[in-house]
Amino acid sequence: MNENRKMPLKIDYRKELNNHQLEAVKYFDSPLLVLAGAGSGKTRVITYKIAYMIEKLGYYPHSILAVTFTNKASDEMAERINNLFGENLNLWIKTFHSSAAKILRIFGKDLGIDPNFTIIDQNDQKLLIKNILKEANIDTDKYPPERYVYLINRAKDRLLNVDEAFKEGLTNDRVFYDVYASYQKRLVKENLLDFADLIFRLVRGLKNNSGVLIELKNRFNYILVDEFQDTNYAQYELIKLLALPEGNISVVGDDDQSIYGFRGARVENVINFTKDFKACKIIKLEENYRSYQTILSASSHLINKNKGRLGKTLFTNKGEGYKITFHVAPTDYYEADFIASEIMKLMSAYGYGYSDFAIFFRTNAQSRIFESVFSNHRIPYTVVGGFKFYEREEIKDIISYIKLALNPSDEVSLMRIYNKPPRGIGEKSLNEIIKHTIASNGSLYRGVDDINIPVSRKKMVKHFIDMIKNIGEIAKTLSPPELLRYVYRVTGYLNWLEETGKNDKIQNLEELYNAVEEFSISSPDGTIQNFIEEISLDSGARNEDFEKGTVYLITLHNAKGLEFPVVFMAGMEDGLFPHFLAEEDNDIQEERRLCYVGMTRAMERLYLSAAETRKIYGRVIQHKTSRFIEELPENLILFTRGDYGYNGGLFSLDTSKYMKMGSFGSTNYRSGSNRDVKSNNNQNTLKDIDISEGDRVVHKNFGSGEVIEKLGEIITIKFDDGKRMKFMLKYTPLTKEKP
DNA sequence: CCAATAAGTGTTTTT
DNA sequence: CACTTATTGG
């Protein structure tokens, strides 16, 4: 069947795969569920299975649908297969969202969706909902837009429209159903689809139009799903629509690595799969090719605390390896400092390079301290998947101009750019424009003269609308890079940046131009719409984000699917990890899985670390050691502690740099909970005494002085010999001077 | 309408 | 701390 392929292949599957992997690759008798432990070669199974289908079974590449969760994963998979074949096959390896988008672009008409829809992200959702709430005079303090964004997305993940969500009792908040209703009405009218809509509207459309479904089923003869444990209800329904009743499907997943519950992922899908797909075959992959046994033992021990697991036991023949280090530092600054010096030590002792190291953390905000400490130590780093280029203000603005020109109903884009640069159109005019053009009859271009605004504003508004119209016209004739240049100029945006001296923004626009140019070279037929779609569905980490010769800073979520010789997991503190918002047992279990994911990324060495005090939102707070540390087998852990200038209750001098970073406030991170630092020495016997500015005090080691400043827990004492020092009240042996 | 400044505030993870 | 919103004066 593959007579068109030039080079006959000879892949030695038996040599490249172990017995279980080989069985999974060759199994086609019924639906297949591969339970693949961390590092057990699941990507390998999928890629070789696809290769096997094409090479041995004669499948056309385009008749295989492979779905992943991240663009990085799909890139990699496609690349590996193309490498095996030595040519660029026409493979459908895409994320759920981009597959859905592509199907909707092709079959939208038949499913009641204008195929020129615009995709909006979570930020845009929030803007739109804010606007809706404001119009309805709903107090955004009492009814926060973020909450509605979250609820709407969860409803759509479960395929629930407004009425169904109400019947299900998704929330007791009655306002939600009104918000959801008007939000969705606006999206439909303005031809906007949010991320969840891509799946939601596709699945609902397919259920109503069996013709399209049949066409899709004819096209896709086999389906593979990666990271199956992260599918939500709607995605699972989509898979069922496409793969039932035939059952030509393999899914690969690991219930222990389900970490996206907050966006609707359901581990239950793994169980349900064995029921919904009759005669489903289960193959477990338990041999780990990544880590030393110590790392596997420790992480297995941890994940064992979770309930309702399908249960796997990972093993390796790589040997025992090294103990895991757990380090406690006095502050987050010293934690980063410890990691920096450990990196340098390991490099000189064992010849590691910078890119052998990765630092994982629970929250994006934690990367800052590493960035600053690593800069000081001259350690090159990259923040992977952090602040995203395409989310920068100036990039979104320029893209919004183009989006609005292509879809003049797009109120979200309008909102973003109507006054950028300032052109005499204010909020009031904006609202009138939205009310009288977009929201009422569906296009910015209609009813310009009827807009209810003062005569003095009409000229400016008309000029603005004409400009957008003009961009829309000219977009048909210009190449994407040319169009971009045109927009920079005709909107006055570039001029505005130049006049106000925003040089880095100008540079970012240059970079955007380069990206569009590259896009035009690599896909000569690509339109600007294609480019925009690519970037709106591609916000995550890509391969090119992993700059060689640098240390990687990554959130735990973004670390899934990756591996590094040396891994540092920072911030192992209750309140941070597990995060304090994870309260219910289910949430804690997901945090535990996240910890498991993090640990199992390490190939050779694993470090865990915590800080006794940490600055969060400008305040110093204290945490207990993470419960996950206590859940590890003690005999596999090497406990270390950083002393620094920390003796005698002194918390100054050496940390002066840290202290300068901002003022200190209350230590009470969350009232009502006991969050005492684990540190046992140095407790001030008099910590509850009431010391205020101006008091005379006696320090056990330094003698008498006067308190000249008190900022929350931090006091500055001017001693009688003239020296000034800062202390943390809690750890300082102080008494009030007896009169 | 707009720019500059003051005040306030929320604390996760992302296709 | 970093970001958003409110206020002020031009």
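Bear in mind the structure is a predicted one, so any value in this text is a computation, not a measurement. The sequence lines fix the lettering, A, B, ..., with proteins before strands; numbering per chain opens at 1.
Rounded to an integer number of Å, the gap from A:Asn123 CG to B:dT14 P is 14 Å. For the pair A:Arg154 CZ and B:dT15 P, the computed distance is 13 Å after rounding to whole Å. Computed from coordinates, the A:Lys420 NZ to B:dA3 C1' distance equals 14 Å when rounded to whole Å. Rounding to whole angstrom units, CZ of residue A:Arg619 and C1' of C:dA2 are separated by 14 Å. Atom-to-atom, CD of A:Gln125 to C1' of B:dT14 comes out at 12 Å; the value is rounded to the nearest Å. Following rounding to the nearest Å, A:Lys615 (NZ) and C:dC1 (C1') show an atom-to-atom distance of 8 Å.
Summarising the geometry, atom CG belonging to A:Leu193 is positioned 5.5 Å from atom CD1 belonging to A:Ile113; distances are rounded to the nearest 0.5 Å.
A:Phe96 comes within 4.0 angstrom of nothing in the nucleic acid, heavy atoms only. When heavy atoms are screened at a 4.0 angstrom cut-off, A:Arg593 is found touching no nucleic acid atom at all. If you check every strand for non-hydrogen atoms under 4.0 Å, A:Asp121 touches nothing. Within the nucleic acid shown, A:Phe69 comes within 4.0 Å of sugar-phosphate atoms alone, with no base atom in reach, counting heavy atoms only. At the heavy-atom level, A:Leu556 lies nowhere under 4.0 Å from the strands shown. Heavy atoms of A:Glu590 sit nowhere under 4.0 angstrom from any nucleic acid atom. Looking at heavy-atom distances under 4.0 Å, A:Lys560 makes no contact with the nucleic acid at all.
Among C:dT4, B:dT14, B:dT13, the nucleotide with an atom closest to any side-chain atom of A:Arg263 is B:dT14. For A:Pro422, the side-chain atoms get nearest to B:dA3 when compared with the rest of B:dT13, B:dT15, B:dA3. In the set B:dT13, B:dC2, B:dT15, the nucleotide with an atom closest to the side chain of A:Thr555 is B:dT13. Taking only side-chain atoms of A:Glu591, from C-beta outward, the nucleotide of B:dT12, B:dA3, C:dT4 with the closest atom is B:dT12. For A:Asn419, the listed nucleotide lying nearest its side chain is B:dC2; candidates were B:dC2, B:dT12, B:dT13. In the set B:dT13, B:dC2, C:dA2, B:dT13 carries the atom at the smallest distance from any side-chain atom of A:Thr363.
Both thresholds, 5.5 Å between centres and 30° between ring planes, are met by A:His579 relative to the base of B:dT12, so the two rings are stacked.
Nearer the 5' end of DNA chain B, as judged by each residue's closest nucleotide, is the contact made by A:Trp496, out of A:Trp496 and A:Asn364. Both A:Gln235 and A:Leu430 sit near DNA chain B, but only A:Leu430 has its closest nucleotide nearer the 5' end.
A salt bridge links A:Arg592 to A:Glu631: one of the charged nitrogens lies within less than 4.0 Å of a carboxylate oxygen.
Of the P atoms belonging to C:dT4 and B:dT13, the separation is 15 Å, rounded to the nearest Å.
Aromatic ring orientation, A:Phe273 versus A:Tyr236: tilted (interplanar angle from 30° to 60°).
Regarding contacts with the backbone of C:dT5, a side-chain N or O of A:Lys130 is found under 4.0 angstrom from either OP1 or OP2. Put simply, A:Ser98 has no side-chain N or O that comes within less than 4.0 Å of OP1 or OP2 on B:dT15.
In this structure, A:Arg263 forms a cation-pi arrangement with A:Tyr260, its terminal cationic atom sitting closer than 6.0 Å to the ring centre and no more than 45° off the ring axis. A cation-pi arrangement is present between A:Arg105 and A:Phe117, with the terminal nitrogen or guanidinium carbon under 6.0 Å from the aromatic centre and inside a 45° cone about the axis.
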> Passes salt bridge (charged side-chain N to carboxylate O under 4.0 Å, His left out), A:Asp332 versus A:Lys615? Steps please.
Replying inline: CA-CA 7 Å; A:Asp332 49 352; A:Lys615 278 185 33 148; over 6 Å; no
